[in-house]
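These numbers come from a predicted model, not from an experiment. Each chain gets a letter, A, B and so on, in the order the sequences are listed, and its residues count up from 1.
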There are 2 protein chains.
Amino acid sequence: MQDHRNIEKQDKREHLLEVAERLFAQNGYEAVSIRDLATEAGVNVAMVSYYFQSKDNLFKTLLENRMPKTRAILEELLASDITSWEKLSKVIDMYIDKFFSGRAFHRIIMRELSLQQRPEHVKLIADNMGRNMQIIRAMIEEGQEKGQFRYVDSELTISSIFGTLSTAINNQPLMCILMKEPDPEHVYGEVYRERFRKHIKSMLQAHLLAPGRS
Amino acid sequence: MQDHRNIEKQDKREHLLEVAERLFAQNGYEAVSIRDLATEAGVNVAMVSYYFQSKDNLFKTLLENRMPKTRAILEELLASDITSWEKLSKVIDMYIDKFFSGRAFHRIIMRELSLQQRPEHVKLIADNMGRNMQIIRAMIEEGQEKGQFRYVDSELTISSIFGTLSTAINNQPLMCILMKEPDPEHVYGEVYRERFRKHIKSMLQAHLLAPGRS
DNA sequence: AAAAAAACTAAACAAACGTTTGATTTTTAG
DNA sequence: CTAAAAATCAAACGTTTGTTTAGTTTTTTT
């Protein structure tokens, strides 16, 4: 059941983090016991406390390690020499891949954010995502100032982009029913990614671009 | 701390359900112990098992009791003699109130759906929401057949409506940062509801309505 | 007023939790 | 090769969990 094939010495800590990420994503923070984690990773229960002091600290390490380094990409995009719409378009491409490929990880952080039970986790996540959102807001407002975008509600527009994607990855069973897709994993495959890409872009285009423009 | 003011005899069961709903919404299913619940409701721990057999069954009772009787409203709307856009517009009005006013309850069911840990809960929720979504889909496709709506991706359009709202109520701290609103409760007040209403309708209008129409 | 049913309680249950201990093995350094 | 350091382990710690038991009080029924 477990996959302990050649866990090198110094990789054991890393291996624990990987298994933890998968289990947390599958079952949620509280539902994963240190014993589950240790068994699945093929190490002794005490190793978790040994490496991470506590379960809570293991989770925070996970957050900090994997917390997307997206901001650099976003800032570069904002500063780049393309139209505001092209910037937004690339942002959407990036987030679809990020959310769909890393959906396990995103389920964890969304759950922690929603639960609001561990303040340190909430702060870490909200600050990070919040700053990314501000960059996207700057892109929208740039387009508005240049007369390329209508003066839509930029904050709620961002909220709709994130909402569409995060709801999709968070509610797999509902998506299956809505899409009439029997295979639960298939809804995150390339076909559906393309569909989301097309939908979000076309909706945003209609929403943002002044009538008469392409 | 607790509010036991005049709990009439036969109301004790109901009172337990109310307190449970509030606690589950605030802290999540697993984080609420029977002892927390009993203390907060001012009853003996054994009463929960007495009335509901198990914690799991208490939750299912909560779901069935409060599971929105929205479908009737939706079906009536679908059959009514107004334009497809007016139908959708009323759907949005209804869901904004439903999500914002009952956000505690919706946080619970969204969390259960996302967690996918208790299959019975998932089925109950997904079936219910799925059927509601199919009605909205029928509204959109009706508008398309009548030539009033563009041939957008109806399923993902629904996903965007629900996504915008459910992300808003699920990620309170993030919304505060995005909106630069210092008071966490204020983001669900009337001012913001109106803002969401306006945003969603204007976005959907641009998305759905063929150019040239109002 | 007596009997039956329902409501309620304090105490205990076994199981699972995160964490610690103290000893043992393995790795590293001198 | 030897001694210090790091890594690993089985076992136990004290809590907390959901649930049950067995007895008491209250309400309803006759």
| Within the side chain of Lys87(A), is there an N or O that forms a donor-acceptor pair under 3.5 Å with the backbone of Leu78(A)? |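 Answer holds: yes.
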| query | Are the side chain of His199(A) and the backbone of Leu156(B) linked by a donor-acceptor contact shorter than 3.5 Å? | reply |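 Present.
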Rounded distance in Å - [atom1] ([X]) to [atom2] ([N]):
X: Tyr50(A); N: dT26(C); atom1: OH; atom2: C1'; answer: 11 Å
X: Asn57(A); N: dT20(C); atom1: CG; atom2: C1'; answer: 17 Å
X: Phe24(B); N: dG18(D); atom1: CZ; atom2: C1'; answer: 12 Å
X: Leu37(A); N: dT19(C); atom1: CG; atom2: P; answer: 12 Å
X: Glu30(B); N: dG18(C); atom1: CD; atom2: P; answer: 12 Å
X: Asp36(A); N: dA16(C); atom1: CG; atom2: P; answer: 11 Å
X: Phe52(A); N: dG18(C); atom1: CZ; atom2: P; answer: 15 Å
X: Arg35(B); N: dC17(C); atom1: CZ; atom2: P; answer: 16 Å

| With Phe59(A), the ring pair (Phe, Tyr, Trp, His ring centres under 6.0 Å) member among Phe105(A), Tyr29(A), Phe52(A) |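 When ring pair (Phe, Tyr, Trp, His ring centres under 6.0 Å) is applied between Phe59(A) and each of Phe105(A), Tyr29(A), Phe52(A), only Tyr29(A) qualifies.
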| request: Return the nearest nucleotide to the side chain of Met47(A); candidates are dA7(D), dT20(D), dA7(C). | output: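 For Met47(A), the side-chain atoms sit closest to dA7(D).
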| query | Taking only side-chain nitrogens and oxygens of Ser33(A), does any of them come within less than 4.0 Å of OP1 or OP2 of dA16(C)? | reply |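 Answer is no, no contact under 4.0 Å.
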| message | Below the 4.0 Å mark, does dA7(C) have OP1 or OP2 next to a side-chain nitrogen or oxygen of Lys12(B)? | response |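 For dA7(C), neither OP1 nor OP2 has a side-chain N or O of Lys12(B) closer than 4.0 Å.
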| field | Lys198(B) bridged to Glu194(B) by N-O distance under 4.0 Å | value |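 No salt bridge links Lys198(B) with Glu194(B).
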| Considering heavy-atom distances to DNA chain C, does Asn44(B) or Ala46(A) have its closest nucleotide positioned more toward the 5' end? |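 It is Asn44(B) whose nearest nucleotide is closer to the 5' end.
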